[in-house]
Amino acid sequence: MTTYQSNKKYVSQFDLLIIGGGGILMDFYRREAHLYSTYALMAKHAKVPYIVYGCGAGPLDTITGRLMIRLMCKHAFNISVRDPESKDLLEKIGVKKEIKVIGDPAFTLYSPKDSYSNEPKEVAVSCVPMYNANYWPFGDVDKYESYTTGMAKNLDHLIEKEHVNITFFATKYPQDVYVTKDIQKKMKHQSKTKIIDENLKPMKLIDVVSKYDAVIGTRLHSLIIATCSATPVIAISYHPKVTNFMRLTGNEKRCLTIEDIQKDEMIISRSFSVIRENWKEVVSETKKIAAKAYEEASKGKELMMKAVKDK
């Protein structure tokens, strides 16, 4: 109600409201579904057209979350999502309007690197603070310890087996830095690691990531940024959206899970070994994936422009 009362006067002055980007059609943190649908209701009551643009959907586990997202979609001028699974979920909860799959709008930041190393040696790593009470919806000290220990052991083995250097970076600052410091403290080979303790903006992130040979990412944003720069990735899935992304790009084989990391301290080094052994093919494949992602995301601009013209 506070959000509604404090923002409705601004929304009423808009010609068009764009509700877009990110996995915001969810109720995992118990606020997104209600927050963004409130903006949609403001627009509807002010007779301002709005679109749902390139979002991710899920999880939607609460009755009120599903109801609010369904209501948001009902009155949208058009709806587009970033993956087929998001479309399927919206249809499952009762959205009747046509839903376009356009890819993530962030891929329009496409800026492929000019050159590649002969073999991957410099690795950038992003980590999400899973189970940390300062970030996660439900904190769990034991699970957090297990997660950070599993990451530390895996990265130590990666350094030992593949002779790489590791740089931790954040796509959500400063939360990601906190967890990477906890992981780094547990590592034997800290001297082979460093942390970029800086709030990097999107284009700077792409520039930074492009200087590395490969990215190991838990954050979906880190995988998207890597793809924008045509940098090969290994994903560690903490959320369905990460798995969906890797499936969409045809890289399921390089998608590990948090459970994998905790059970098997060699799994990252084995996955990386496959990339190194097939480096030229991986680079070629990554370039194609990046170009295709950009093409798909660019189609989404057409939907947005149509809404502007037809509003």
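The first residue in the sequence is number 1, and the count goes up from there. Everything numeric here is computed off the predicted structure, so don't read it as measured data.
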* To do: Please answer whether the main-chain N or O of Val274 pairs with a side-chain N or O of Asn278 as donor and acceptor at a distance below 3.5 Å.
  => yes
* Closest heavy-atom contact between Ser237 and Cys255? -> CB-SG, 3.9 Å
* Asked: Going by distance alone, is a donor N or O of one side chain under 3.5 Å from an acceptor N or O of the other, for Ser222 and Thr171?
  -> no
* Please confirm whether the backbone N or O of Lys241 pairs with a side-chain atom of Glu85, one donor and one acceptor, at under 3.5 Å? => no
* Asked: Just by modelled atom types, is the Ile51 backbone N or O under 3.5 Å from a matching donor or acceptor in the Asn78 side chain?
  -> no
* Asked: Would you say Ser298's side chain and Tyr294's backbone share a donor-acceptor pair under 3.5 angstrom?
  -> yes
* Structure fact -> Taken in chain and number order and not counting sequence neighbours, the residues that satisfy side-chain hydrogen bond (donor to acceptor under 3.5 Å, both in side chains) with Lys186 are Glu145, Thr148, Thr149
* By side-chain hydrogen bond (donor to acceptor under 3.5 Å, both in side chains), which residues pair with Asn251, not counting sequence neighbours? -> Arg254
* Ignoring hydrogens and geometry, is there a side-chain-to-backbone donor-acceptor pair from Thr227 to Leu223 under 3.5 Å? -> yes
* Kindly write out the residues that satisfy side chain to side chain contact (heavy atoms under 4.5 Å, CB included) with Thr62, not counting sequence neighbours, or none if the list is empty. => Asp27, Arg30, Thr64
* Results of side chain to side chain contact (heavy atoms under 4.5 Å, CB included) for Asp213 - residues two or more places apart only -> Ser117, Pro120, Lys121, Glu122, Trp279
* Asked: Which heavy atom in Ala106 sits nearest to a heavy atom in Ile224, and how many Å separate them?
  -> CB-CG2, 3.7 Å
* List for me each residue that meets salt bridge (charged side-chain N to carboxylate O under 4.0 Å, His left out) alongside Glu160, sequence neighbours excluded, and say none if there are none. => Lys188
* side-chain hydrogen bond (donor to acceptor under 3.5 Å, both in side chains) against Ser273, all qualifying residues, sequence neighbours excluded -> Arg276, Glu277
* To do: Please report the shortest heavy-atom distance between Ser271 and Leu256, naming the atom on each side.
  => OG-CD2, 3.5 Å
* For Val101, enumerate each residue passing the side chain to side chain contact (heavy atoms under 4.5 Å, CB included) test, keeping only those at least two apart in sequence or located in another chain. => Val81, Pro84, Lys87
* Asked: Hey, does the side chain of Asp156 reach the backbone of Lys153 with a donor-acceptor pair shorter than 3.5 angstrom?
  -> no
* Spell out, as yes or no, whether a donor-acceptor pair under 3.5 Å connects the side chain of Ser86 to the backbone of Gly56. => no
* Backbone N/O of Ala76 and side chain of Lys97: donor-acceptor pair under 3.5 Å -> yes
* Other residues, nucleotides, ligands: >12 heavy atoms within 6.0 Å of Tyr178 OH -> no
* Considering residues, nucleotides and ligands other than Lys253, do more than 12 of their heavy atoms fall under 6.0 Å from its NZ? -> yes
* Asked: Between Tyr131 and Tyr144, does the ring centroid distance fall short of 6.0 Å?
  -> no
* Lys9 backbone acceptor or donor facing Gln13 side chain under 3.5 Å -> yes
* Asked: So which pairs with a foot in residues 215-227 pass salt bridge (Lys or Arg N to Asp or Glu O under 4.0 Å), sequence neighbours left out?
  -> Asp176-Arg219
* Asked: Under the side chain to side chain contact (heavy atoms under 4.5 Å, CB included) test, which residues partner Ser210, sequence neighbours left out?
  -> Lys113, Asp207, Ser229
* To do: Could you list the residues that satisfy side-chain hydrogen bond (donor to acceptor under 3.5 Å, both in side chains) with Thr249, not counting sequence neighbours?
  => none
* Taking atom NZ of Lys288 as the centre, does the number of heavy atoms from other residues, nucleotides or ligands within less than 6.0 Å exceed 12? -> no
* To do: Can you spot which of Asn165, Thr231, Thr167 makes a side-chain hydrogen bond (donor to acceptor under 3.5 Å, both in side chains) with Tyr212?
  => Thr167
* Going by the salt bridge (Lys or Arg N to Asp or Glu O under 4.0 Å) test, which pairs reach into residues 56-79, not counting sequence neighbours? -> none
* Is there a donor-acceptor pair closer than 3.5 Å between any side-chain N or O of Ser146 and the backbone N or O of Asp142? -> no
* Hey, mind stepping through Val215 and Val123 against side-chain contact (heavy atoms from CB on, under 4.5 Å) and telling me if it holds? -> CA-CA 6 Å; Val215 168; Val123 180; over 6 Å; no
Considering only distance and modelled atom types, tabulate donor-acceptor pairs under 3.5 Å from the side chains of residues 195-204, sequence neighbours left out.
residue	atom	partner	partner atom	Å
Asp197	OD1	Tyr173	OH	2.8
Asp197	OD2	Lys181	NZ	3.3

